[in-house]
Each structure stands twice: as structure tokens, then as C-alpha cells.
Protein chains: 2
Amino acid sequence: MNFKKLKVFTTVCDCGSMSGAAKKLYMTQPAVSQAILELEEELDVHLFDRINKKLLLTYPGEVLLEYARRILVLVEEAQSTMKDIANMNTGKLRIGASTTIGTYLLPEIIRTFGQKFKNIDIPFAIDNTGVIEKMLLENSIDIGLVEGPIHSKEIIVKPYMDDELFIICSKNHPWAARKRIGPGTISEQNIIIREQGSGTREVFENTMSKHNIPYSIKHVLNNTEAIKKAVEANIGVSVVSEIAIKEEIKSGRLVKINLEGVRFLRKFNIIYHKDKYHSKLFEEFLRHLCSGNF
Amino acid sequence: MNFKKLKVFTTVCDCGSMSGAAKKLYMTQPAVSQAILELEEELDVHLFDRINKKLLLTYPGEVLLEYARRILVLVEEAQSTMKDIANMNTGKLRIGASTTIGTYLLPEIIRTFGQKFKNIDIPFAIDNTGVIEKMLLENSIDIGLVEGPIHSKEIIVKPYMDDELFIICSKNHPWAARKRIGPGTISEQNIIIREQGSGTREVFENTMSKHNIPYSIKHVLNNTEAIKKAVEANIGVSVVSEIAIKEEIKSGRLVKINLEGVRFLRKFNIIYHKDKYHSKLFEEFLRHLCSGNF
DNA sequence: TCTGTTTACGCACAGCGTAATCATG
DNA sequence: CATGATTACGCTGTGCGTAAACAGA
């Protein structure tokens, strides 16, 4: 018993004749006849009564027909679904991202990717880089977008884009008109910054100490949105990734300030497992990342 | 794609390794490996990630696994059901019977046959011989038990048993003590008999006229049970098939009377289509009929 | 004779085993 | 070196087509 024979059987039932089924299946009559005989032999059952040239289903024939139809429907559905997956008409890509990227970049990335590929399931997780790395290793995500360093040798790290942190102030702040300040002026300001452990804070502190610039932290907020609101309210100045403030810069609510001779640079990376098969959807997502401007 | 490959696939998923699956399936590793590769090639999809010697299902792999399990369950169920049918652990035999046989013989026949073969479905129809013959020709029953003559050349008629009609009277009737009467005495009696068209009445009338015995019908009842009750109540005498009065004869409520020199004989026949395949269940039913004393 | 099924026979390929190779711990 | 996957290759049997026989209208 195999799919083909079941298909032959159901077709014969539909047509009421072997020759009709043969025509429909692009086979010869003998092949159809043989398939039916083999089914009958294998199952030790007569499927048809041959009365007056008419093929009439026997009881076991009826029973088998029921099963055969159900099986073939499932098989065809399976094949069609797999074809959809192969053609990326359906699929799944599990994405992980570290906090900043996940918050400010990922939504737009997923939105546009989802537009390009309908019916695609794109579950995502947002957590710090270490957790995202771990998820990649235990195969609970397919690809990650992170800011921090990766340690596992099994993970391929591909630079995605350069990120830069900027000092920001309110449009009402005295700096707003100047856009450039000297390193010395910063120590006079109330600095609002993310909590210890944040990648953003780490880059800021490292860079500042590298340049031996003194500064004093006034407020600590564990949330970029809260920081932006605080700066907008002119409670102090802060430093955040440029991707977090596009909107506010555009509308003029916040102003980017250049600290003379100092830049806060880091890289965003795409990470994925070196041994994992790269599905077409995966490749498309990579292409999508590199093509788009997010 | 075929059953075997799906089976290989699900087994590999269960075992988490090709070698394990090979052992379970009594195949060699390469054969398993090849089956999986062929599946992947045919469906144009990667089913496993080969990470650290571990086989991890990809998304398309998961989807296929779902389908494969459902398909294989159905296939196994189908095979098991067909096997049951072949072994007569389940099955169906559609029986038709003419009125007298259907009423007095068939219930016991079906009861005992159903005891021998559990889980067998035995739908039956009771109607006059002509209808039963027609049902056989249009394949709505598999076998018939009839008293009347069959006309179709396509039907095989096999004598089943001899039936004899007997004149019956109540135990309170004057005849009851004698058991034998002469042909002349019958015309003095109130005769109760079935309606026109009844096989029983036909045999009675034919036999009586063949012997030139005069008789007068007093009551007509279209129902053997009613006739028996009427005779028991000594309203008159009647003539019925011996199979209809076993119980009453045994208990003495009715008495069988011999009409000297006259017997009302007919045959019960088993009928079935000459071209229809005789299932094992069918053969068993024939054997059952011939073996039992009904 | 024509239509449709079955039987007979030969070929081609799918699918399995054996053996060798590769990869990884 | 041991375990397990892959590659290479040859054989066997399934499954199909062609051809012929058979059966019924």
C-alpha cells in the first residue's frame, strides 16, 4: 500500500471504471488494474464487485475508500504546505534582539519584512545580549540583533550597522542653539543616564574616561523613554543612541550636541549559529536588513 | 514522498538520531540518511539542523512531523481495520428475507450468527420475494432468504430447506384429538387465511384445487400472528407454515392436523448474485445457515 | 467488433545494503 | 579511536508500459 495505489483506488471509485481512472491519471489501463489487484491482494480483501462491467464497491472497499480519501487529503495538504514553506508563502523566523535595537529598530524591521512576506510568523524576543546569545545557542531563536560582544565560537557575528550615542538636550536648553560644546562644559550639567549594566551607559563611561572628561551623574533611569522625557523637560542632559531619538530630533523637541573631539561609537551585530541551516527566509531577512535603512 | 519515508522521518524525530532510527526500523544508517535527504530534496526544505551531532528539527521539519504523524496514524488505522475485515473481526453482511422467513427464522439466524462473529454489522430487510430479488440485483443486499420463485438469470438460487404448511386448530377444537382428518371434512370449517398475494395462501389454494378439495374462506387476516391468535380462540382453523407455529405446537395451544393424502409443500431458497464476490463472511453465513437447525 | 479488464513480459528506477569516507568528541 | 552521518556503488523488486488474451454488449 502506498499513496499512489490509494490515489488510483479513489480515482477508480470516482470514475467507476479502471479505464476512466487510467485516463485521468495518465496511466495505462493495465497499470491501474494491477494497482487495484495488488491492493486487494495485500489487504486480503475484494474491493470491487465486477457486475455487468460496472465496478461496485464492496463493503471493505467502502471502508478503504473512506480512509484513502482522508489520507490523501492530508498528504496533499502536507505537500502544499511544504511547498508554501519552500516558496516562503508561509514560514517562521524567530528573532531575538537586545534592548535598544529591539525597542527602536526591530518593530520597523519586522513590519516591513512582514509586508514583503505575508503569512510569515515572526515571533521575537527582546532581552540583553547575553540572553539573546544563549537563546541562539539553544536554538530558541534563529537570528539575533545585538549591541554587545558575543563569546561563543559557534556563533557567527556579522557587523550590521554603526551606532553612535549622542548627548542630547532639550530645545530650551542653552546648548540647543550651539550644537557644539567643549569637553569642559559637561561637568556643569545635570547628567541623566541609564542604570549600571546598560550597554549605553557602558559606552558612555568608557569613552568619557578614555578622554579624561569629568562628569557627574545626577539621575539614573532604567528606561530610555523616561530619560528622553526628562531631558525634554529640561531636567538635565543625557546620552542615548541615535536610533532612540530620531523622532524627537526631527520634531525639534530634543537637540543632538557634539562634544568636541569625542564620539561615542559602537557596533550593532547580526548573529546566528554557524551550523544552522540558513533557510531562504533567513537569507531574505539578512538581505532585508542590509537593504533597508532602519 | 511515501509512507516509508514519512515513517523513517518520524522515527528519526523520535530517536533524535539516524542511527537510532535505523536500528528501530531494521535498516542501515545510510538508507535512513538517504531517505531523509530525499525527503528534503523533494520538498525543497531542510528538515534538520545538524548541530553538535544532534539533529534538531527546523520549522518545516516541525510542520512536516505534524502531518507525518497524522498521516501514519490514519494509515495504520486503515490497515488494521482492513485486517479486521479480512479476519472477520469486523464486517457487514446485508440480508434480505421474505415475510415468513424474516419473521420466524431470521431473528434466530442473525442472533446466533452475531454470537459467532462479534462486531459484525448485519442490517436486514424484510419484504416480499419480488422486492428482495430486486434489492439483490441492485446490490442493496448481499444475500436473500425467500420462499417464492426467482426470475433473474443473474441470481443463484440455492434450496435452503423444505417448508410445509399445516392445518392448525385450537386445542379445544374437536379435531384436536384426532390429528388426522379426511379431505371432505374441511369444507364444514371456518377457514381463516392470509390475504391475496401471500405465498402461504397461494400454496394452500393451489394444493387444494389440485386435489379438488372444496373449502370456504371465512376470515382474511394479513398477519400470521393474528391468525394464530384467532385459531387459538377457536374462531376457526387455518393453514400456516410450520416454522410459524413451533412455539404454539410445543406448548399445545395449537394442534397440527394431517389432511389425509394432502401435503402443502414448498421450498425456502437462499439467493445471491452470481457475479458478486463471496466474502469470507458471506461463506460463513452460508455455512451457518446449513449447519444450524432453524 | 468494440470497449474495458486481465494476463504476460520486459524495462527502468527507487530504495536498500555494503563499503568506504568524513566529521566530531 | 569510536560513534554517527554522508557518499559511492551495485543489486533487487516494485511499478509501469507494451502487447496480447479475454469477456461482455
Side-chain angles (χ1 to χ4, degrees), chain A residues 1-43 46-58 61 68 75 137 139 152-155 273-277, chain B residues 1-43 46-58 61 68 75 137 139 152-155 273-277:
Chain A
M1 177 149 86
N2 55 37
F3 294 153
K4 189 66 191 292
K5 285 183 186 172
L6 289 185
K7 182 68 190 171
V8 169
F9 174 60
T10 59
T11 309
V12 169
C13 291
D14 292 340
C15 296
S17 81
M18 307 244 187
S19 52
K23 213 170 281 179
K24 218 180 219 176
L25 294 168
Y26 302 101
M27 297 170 63
T28 57
Q29 277 177 28
V32 172
S33 184
Q34 188 184 339
I36 298 295
L37 292 180
E38 281 169 9
L39 263 186
E40 290 184 325
E41 191 161 336
E42 178 187 343
L43 299 174
H46 268 64
L47 297 172
F48 295 105
D49 282 314
R50 282 78 167 172
I51 297 182
N52 296 338
K53 289 267 180 192
K54 284 275 171 202
L55 292 178
L56 287 175
L57 267 182
T58 60
V75 169
L137 287 174
N139 193 34
S152 168
K153 279 281 189 188
E154 295 185 340
I155 290 179
H273 199 291
K274 77 176 168 64
D275 294 329
K276 203 165 147 60
Y277 168 69
Chain B
M1 177 148 85
N2 56 36
F3 296 152
K4 189 66 192 293
K5 286 184 187 173
L6 289 185
K7 182 69 189 169
V8 169
F9 174 60
T10 59
T11 309
V12 169
C13 291
D14 291 341
C15 296
S17 81
M18 307 245 186
S19 52
K23 213 170 278 176
K24 219 179 217 174
L25 294 166
Y26 303 101
M27 296 169 64
T28 58
Q29 278 178 26
V32 172
S33 184
Q34 189 184 339
I36 298 295
L37 291 181
E38 282 170 9
L39 264 186
E40 291 184 323
E41 191 162 337
E42 180 187 345
L43 300 174
H46 268 65
L47 298 172
F48 295 106
D49 281 312
R50 281 78 165 171
I51 298 183
N52 296 339
K53 289 264 180 196
K54 283 276 172 201
L55 291 179
L56 286 175
L57 267 181
T58 60
V75 170
L137 286 174
N139 192 34
S152 169
K153 280 280 190 188
E154 295 185 341
I155 291 178
H273 200 290
K274 77 175 169 61
D275 293 329
K276 205 166 142 62
Y277 168 69

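Numbered from 1 within each chain, the chains take letters A, B, ... in sequence-line order. In what follows, every heavy atom counts, from backbone to side chain, and hydrogens, waters and symmetry copies are set aside. These numbers were taken from a predicted model, which means no experiment stands behind them.
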- Item | Separation of C:dA23 C1' from B:Lys54 NZ (nearest whole Å) | 17 Å
- Distance in angstrom units between B:Glu41 CD and C:dA14 P, rounded: 11 Å
- Message: Nearest 0.5 angstrom please: A:Asp275 CG to B:Lys54 NZ, how far?
- Response: 14.5 Å
- Quickly work out the B:His46 NE2 to D:dA5 C1' distance and round it to whole Å. 14 Å
- Determine whether more than 12 heavy atoms belonging to other residues, nucleotides or ligands lie under 6.0 Å from atom NZ of B:Lys5. yes
- Would you mind reading off the distance between A:Glu154 atom CD and C:dT24 atom P, rounded to a whole angstrom? 11 Å
- Note on the structure: In B/S/- notation (B base, S sugar-phosphate only, - none; protein heavy atoms under 4.0 Å), nucleotides 6-18 of chain D written 5' to 3' is BB-------SBBB
- Could you give the distance from CD1 (A:Ile36) to CD (A:Glu41), rounded to the nearest 0.5 Å? 13.0 Å
- Message: How many whole angstroms separate atom CG of B:Asp275 from atom P of D:dA23?
- Response: 13 Å
- Heavy-atom side-chain contact between B:Leu6 and B:Met1 under 4.5 Å: yes
- B:Phe9 side, atom CZ; B:Glu38 side, atom CD - distance, nearest 0.5 Å: 14.5 Å
- Query: Is there a side-chain contact between B:Asp49 and A:His273 (heavy atoms, below 4.5 Å)?
  - Reply: no
